[in-house]
Amino acid sequence: MPELPEVETVARSLRPRLVGREVQAVETSGLALRRPVDQRALRKALVGARVDSVVRRGKYLLFAASSPTAGAQLVVAHLGMTGRFVFADHDAPVEPHTHARFLLDDKGPRELRYVDARRFGQIAVYPAATAERSDELSVLGVDPLEPAFTVAWLRAELATSRRDLKSFLLDQGRIAGLGNIYVCEALHHARLSPRRRADRVTSDAALRLHAAIREVLETSIANRGTSFSDYVDADGELGSNQEALFVYGREGERCRAPGCRGTVRRIVQGGRSSFFCPVHQR
DNA sequence: GCATTACCCTGAAAGC
DNA sequence: TGCTTTCAGGGTAATG
């Protein structure tokens, strides 16, 4: 399940082999992802274009490209649940659920492919000048690894919401990039219950939460992400952060917090599983 | 504003 | 063994 650390790892693995390359052709499967993929728009924007950068914002991958005919472009991609970008040779067998193929120049692997079994992902392209106003990017909140994500900002934001912390932290319009795994882990580190109301988080607890969010994300990036089933980076490498999880997916097992004798519980909030230790998360 | 539910989709796991 | 059902989840939309 790609969340911020997994998307960051993908961006880092794509960058050295993609930046500076020219796109020569684009093919799509014709099947809709979360939204339909506009093959004509992708071709018009990208064929003949050079990739200038690959960055992450929240859970989105942003590919900047400059086209001699179409000008500066931004490809906005989301991996959904099972999306993967993989490099392949042009004549390599096309694996099932491949929805986009970007033929590249001959200075490296000839194709970048997007593979997504569940088709919850997304690929769109916008002129760079208007991309910030797109449906995807215009609604994103603060990226938790950016300087704008401060303790003061988090305290102020918490005070404006009566929702429970689980829903609050998953809201991409407030904090962009956290998903189910890292919300569970961050709350565990901060010793806060996922059921706690956001506006009832004390100043000290907000400080802990801020540090916990940064810590779980940075640890996972160092571990190249969490791989449960589908997630691999653009080199096909699995992450190892699943071994570092304290609560996610550990229902019924002993809490791993030092000195805690609690048992990890699973509850459902907003249709999503929350894993937490009721003994030390309050 | 917020909670709840359904939907999109496939594959793995559970149940029979 | 083999079929059917259930579940997982990010984001969006409809409904209450």
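Proteins get letters first, then strands, A, B, ... in listed order; numbering begins at 1 in each.
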Item to complete: Indicate yes or no: does A/Glu27 engage A/Arg113 in a salt bridge with an N to O separation below 4.0 Å.
Response: no
Using the benzene-type ring in the case of Trp, are the ring centres of [X] and [Y] under 6.0 Å apart?
{"X": "A/Phe276", "Y": "A/His188", "value": "no"}
{"X": "A/Phe149", "Y": "A/His210", "value": "yes"}
{"X": "A/Phe63", "Y": "A/Phe85", "value": "yes"}

Could you check how far [atom1] of [X] sits from [atom2] of [N], rounded to whole Å?
{"X": "A/His99", "N": "B/dC8", "atom1": "NE2", "atom2": "P", "answer": "16 Å"}
{"X": "A/Arg272", "N": "B/dT5", "atom1": "CZ", "atom2": "C1'", "answer": "11 Å"}
{"X": "A/Arg197", "N": "B/dG1", "atom1": "CZ", "atom2": "P", "answer": "16 Å"}
{"X": "A/Asp171", "N": "C/dT12", "atom1": "CG", "atom2": "C1'", "answer": "13 Å"}
{"X": "A/Asp164", "N": "B/dA3", "atom1": "CG", "atom2": "P", "answer": "6 Å"}
{"X": "A/Ile181", "N": "C/dG9", "atom1": "CD1", "atom2": "C1'", "answer": "10 Å"}
{"X": "A/Tyr60", "N": "C/dT12", "atom1": "OH", "atom2": "C1'", "answer": "10 Å"}
{"X": "A/Phe275", "N": "C/dA8", "atom1": "CZ", "atom2": "C1'", "answer": "10 Å"}

Contact under 4.0 Å: [X] side-chain N or O vs [N] OP1/OP2:
{"X": "A/Arg34", "N": "C/dT12", "value": "yes"}
{"X": "A/His97", "N": "B/dG11", "value": "yes"}
{"X": "A/Arg118", "N": "B/dG11", "value": "no"}
{"X": "A/Tyr248", "N": "C/dA8", "value": "no"}
{"X": "A/Gln172", "N": "C/dG11", "value": "yes"}
{"X": "A/His78", "N": "C/dG10", "value": "no"}
{"X": "A/Ser273", "N": "C/dG9", "value": "yes"}
{"X": "A/Arg266", "N": "C/dA8", "value": "yes"}
{"X": "A/Arg163", "N": "B/dG1", "value": "no"}

Response to the item:
When A/Leu31 and A/Gly271 are each assigned the nearest nucleotide of DNA chain B, the 5'-most assignment goes to A/Gly271
Discussion item. With nearest nucleotide decided by heavy atoms, which residue, A/Ser161 or A/Gly270, maps closer to the 5′ end of DNA chain B?
Written reply: A/Ser161
Fill in: Verdict with supporting geometry, A/Leu187 and A/Leu169, side-chain contact (heavy atoms from CB on, under 4.5 Å)
CA-CA 9 Å; A/Leu187 288 171; A/Leu169 293 171; 3.8 Å; yes
Worksheet entry | Face-to-face stacking of A/Phe120 with C/dG11, centres under 5.5 angstrom, angle under 30° | no
